Amino acid sequence: MNLLSVENLCVSFPTPQGRVNVVDGLSFDLGQERLGIVGESGSGKSMTGRAILRLIRPPGQVEGRVNFEGVDLFSLSERQMRTYRGARISMIMQDPRYSLNPVMTVGTQIEEALRVHERLPKRAMKARVREMLEAVRINDPDRVAQLYAHEVSGGMGQRVMIAMMLIPRPKLLIADEPTSALDVSVQGDVLRLIDDLVRDHGMGLILISHDLPLVARYCDRILVMNAGRVVESCDASELHNATHPYTKGLLAAVPQMHETREELPVMDRTLWAGT
Amino acid sequence: MGRYMSAISLNNVDVAYDGVRVVEGITFNVARGESFALVGESGSGKSTVLKAICGLAPEWTGEIFLLGEPGSHRPNLSLARRCQMVFQDPYGSLHPRKTVDAVLSEPLAIHGIGGQDERVEQALADVGLDRRFRFRYPHQMSGGQRQRVAIARALMLEPEVMLLDEPTSALDVSVQAEILNLLKRLRAERGLTYLLVTHNLPIVSFLCDRMAVMSKGRVVEIASSTALHDGSFTHPYSQALYAASGGA
């Protein structure tokens with residue numbers, strides 16, 4: 001059975017010109033695999049992630065069906081939904097500097113994520129936090145647990161976020177641009193870490209990013225989105241055989257390390273009636 | 001290469017903020033018409049070097065020569081004529097309450113240059129913006145269009161040197177390609193000298209001739225862009241950066 005199945009998902013927002021679908025009839029199935037959703041800003045990729053967790057607030061409207069382990073998430077009450085968020089499906093946000101609580105130590109925040117979903121004796125709780133910090137390869141977990149968000153670097157902050165999101169042992173992880181705020185040298189570490197943890201725990205992963213080559217390196221399957229629709233869906237290894245002109249355009253527009261082109265190919269945006 | 005011949009020449013430059021030294025012993029020369037990159041991680045001091053050159057980071061010691069004239073410790077008019085900067089975030093670097101026309105005319109007014117009308121029209125045409133954008137506000141434009149305006153603004157005074165601080169990192173890849181093409185074309189047409197700060201090595205490969213790799217406030221290596229083709233870096237830090245960026 002699929003872990004997650006999304007059918008005809010539409011997210012719309014009102015504008016002076018009427019409602020606009022920012023996600024327009026998206027469907028996909030996800031097992032215990034790594035799915036990459038790629039697109040440029042305004043393509044609806046982040047909205048897809050949020051819609052799955054029902055994090056879209058009015059005036060935004062969500063339609064369609066999202067089935068998670070056989071449960072229709074859109075039919076749940078807000079209270080029931082809360083038992084899914086974090087515990088079964090969790091989400092890593094883009095920038096640790098804005099997503100961590102500035103007035104709580106890192107250890108307390110991670111502990112809080114666990115306490116909301118499980119009742120454990122205090123000692124067991126501390127042990128789980130310690131174990132999780134070790135799992136995200138923080139060398140000195142006891143010291144780091146005492147630090148505040150401003151005292152840790154970007155890469156370490158993102159590791160703390162990952163620890164926080166994984167400590168309730170979710171089945172599905174949605175990572176929305178988990179590395180765009182990080183330096184190149186740290187990006188690889190963080191993605192490899194997410195990758196290892198996802199494999200070890202048998203989780204599903206949705207990696208949302210604008211970076212096509214990066215997603216191709218870390219995912220099994222790729223959805224390319226433009227203007228709220230999926231324009232191409234393929235195995236990551238088959239990306240170089242992509243057929244849709246938008247995907248080809250995106251691939252060609254990235255400067256290469258061995259760049260010899262005098263000019264980069266530019267896409268004619270009007271062709272896809274995008275934003 | 002003499003300091004009077006080069007476009008930008010730094011000799012043993014230290015830069016401090018509030019007495020804390022963040023950049024130490026920077027020495028490099030950029031020839032006229034050359035495109036030179038500063039690469040490194042965040043916090044390595046790349047942007048600080050740019051700021052020192054254009055006088056925005058006043059606490060520097062050592063020697064800075066810009067087009068043969070000694071560098072300044074504060075922004076001034078003659079410096080602005082020769083050297084202009086384009087910032088990272090086009091959402092933050094344009095005044096939200098000023099139209100494109102006002103943004104582009106201001107440098108002309110400050111420097112007492114006439115013929116504003118034609119010059120603004122010409123600048124918009126040069127950066128590939130339609131004339132209907134002239135009386136728009138920043139919020140009425142996309143990120144790529146705003147960055148074009150920011151580049152047009154920098155070109156208004158016809159500087160010889162452009163300091164580019166991560167000019168495309170806030171943009172989508174397809175828009176990034178347009179802006180990179182624009183920068184390359186402008187340099188070829190006007191013989192501009194570029195000093196580009198970036199953490200993206202493939203951009204260096206596309207746009208630059210040479211690069212200085214910075215780490216922890218120091219230049220660890222100066223290499224030609226051809227090093228990006230064959231990975232012939234000598235310093236371990238540059239090699240690690242190259243490997244992390246997807247180089248073999």
Side-chain angles (χ1 to χ4, degrees), chain A residues 38-43 45 95 97 153-155 177 179-192 209-218 224-226 245-272 274-275, chain B residues 37 39-44 46 91 128 142-145 166 168-185 187-188 198-208 213-215 225-231 233 236-248:
Chain A
V38 194
E40 298 194 275
S41 29
S43 63
K45 54 190 195 308
D95 195 334
R97 269 162 295 200
S153 65
E177 306 263 9
T179 59
S180 346
L182 304 177
D183 278 316
V184 265
S185 52
V186 193
Q187 269 182 6
D189 293 345
V190 168
L191 283 169
R192 267 192 297 278
S209 174
H210 65 275
D211 190 337
L212 200 48
L214 179 120
V215 170
R217 223 180 304 158
Y218 288 95
V224 182
M225 284 186 73
N226 180 232
Y246 179 75
T247 319
K248 285 185 172 173
L250 269 189
L251 281 171
V254 182
Q256 301 297 312
M257 195 64 97
H258 307 261
E259 194 58 73
T260 48
R261 291 175 289 186
E262 262 312 300
E263 198 175 327
L264 297 169
V266 169
M267 285 192 271
D268 185 359
R269 237 168 283 280
T270 52
L271 279 182
W272 297 284
T275 41
Chain B
V39 299
E41 291 178 50
S42 35
S44 60
K46 320 182 285 286
Y91 297 85
S142 70
Q145 288 161 351
E166 304 255 16
T168 60
S169 64
L171 306 174
D172 277 322
V173 273
S174 62
V175 184
Q176 167 176 290
E178 291 174 17
I179 298 294
L180 289 176
N181 286 339
L182 170 67
L183 288 170
K184 197 165 194 172
R185 180 178 55 103
R187 179 178 158 230
T198 183
H199 61 265
N200 188 326
L201 293 181
I203 290 180
V204 176
S205 180
F206 178 70
L207 202 60
C208 298
V213 183
M214 288 190 67
S215 169
S225 316
T226 52
L228 294 169
H229 293 244
D230 49 21
F233 289 100
Y237 178 79
S238 337
Q239 286 165 352
L241 191 70
Y242 180 65
S245 305

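Keep in mind that this is a model prediction, so the values were computed, not measured. So that the names make sense, note that chain A is the first sequence line, chain B the second, and so on, each numbered from 1.
- Looking at A/Gln256, the atoms closer than 4.5 Å to chain B (heavy atoms on both sides) all sit in the backbone: N, CA, C or O.
- Of the two parts of A/Pro265, only the backbone, made up of N, CA, C and O, holds a non-hydrogen atom closer than 4.5 Å to a non-hydrogen atom of chain B.
- The parts of B/Leu201 that come within reach of chain A are both its backbone and its side chain, each placing non-hydrogen atoms under 4.5 angstrom from that chain.
- Here the closest non-hydrogen pair linking A/His210 and A/Glu177 is ND1-OE1, 3.0 Å.
- Most heavy-atom pairs under 4.5 Å with chain A, from the set B/Ala177, B/Ser169, B/Ser142, B/Gly143: that is B/Ala177.
- At a 4.5 Å heavy-atom cutoff, the contact between B/Leu180 and chain A is made by side-chain atoms alone.
- In this structure A/Glu259 satisfies the side-chain hydrogen bond (donor to acceptor under 3.5 Å, both in side chains) test together with A/Arg261, sequence neighbours excluded.
- Counting heavy-atom pairs closer than 4.5 Å to chain A, the top-ranked of the candidates B/Lys184, B/Arg185, B/His199 is B/Lys184.
- Checked against side-chain hydrogen bond (donor to acceptor under 3.5 Å, both in side chains), B/Tyr237 has the following partners two or more places apart in sequence or in another chain: B/Glu41.
- Formation of a donor-acceptor pair under 3.5 Å by the B/Lys46 side chain with backbone atoms of B/Gly40 is found in this model.
- The nearest pair of heavy atoms linking B/Val175 to B/Gly144 is CG1-CA, 3.3 Å.
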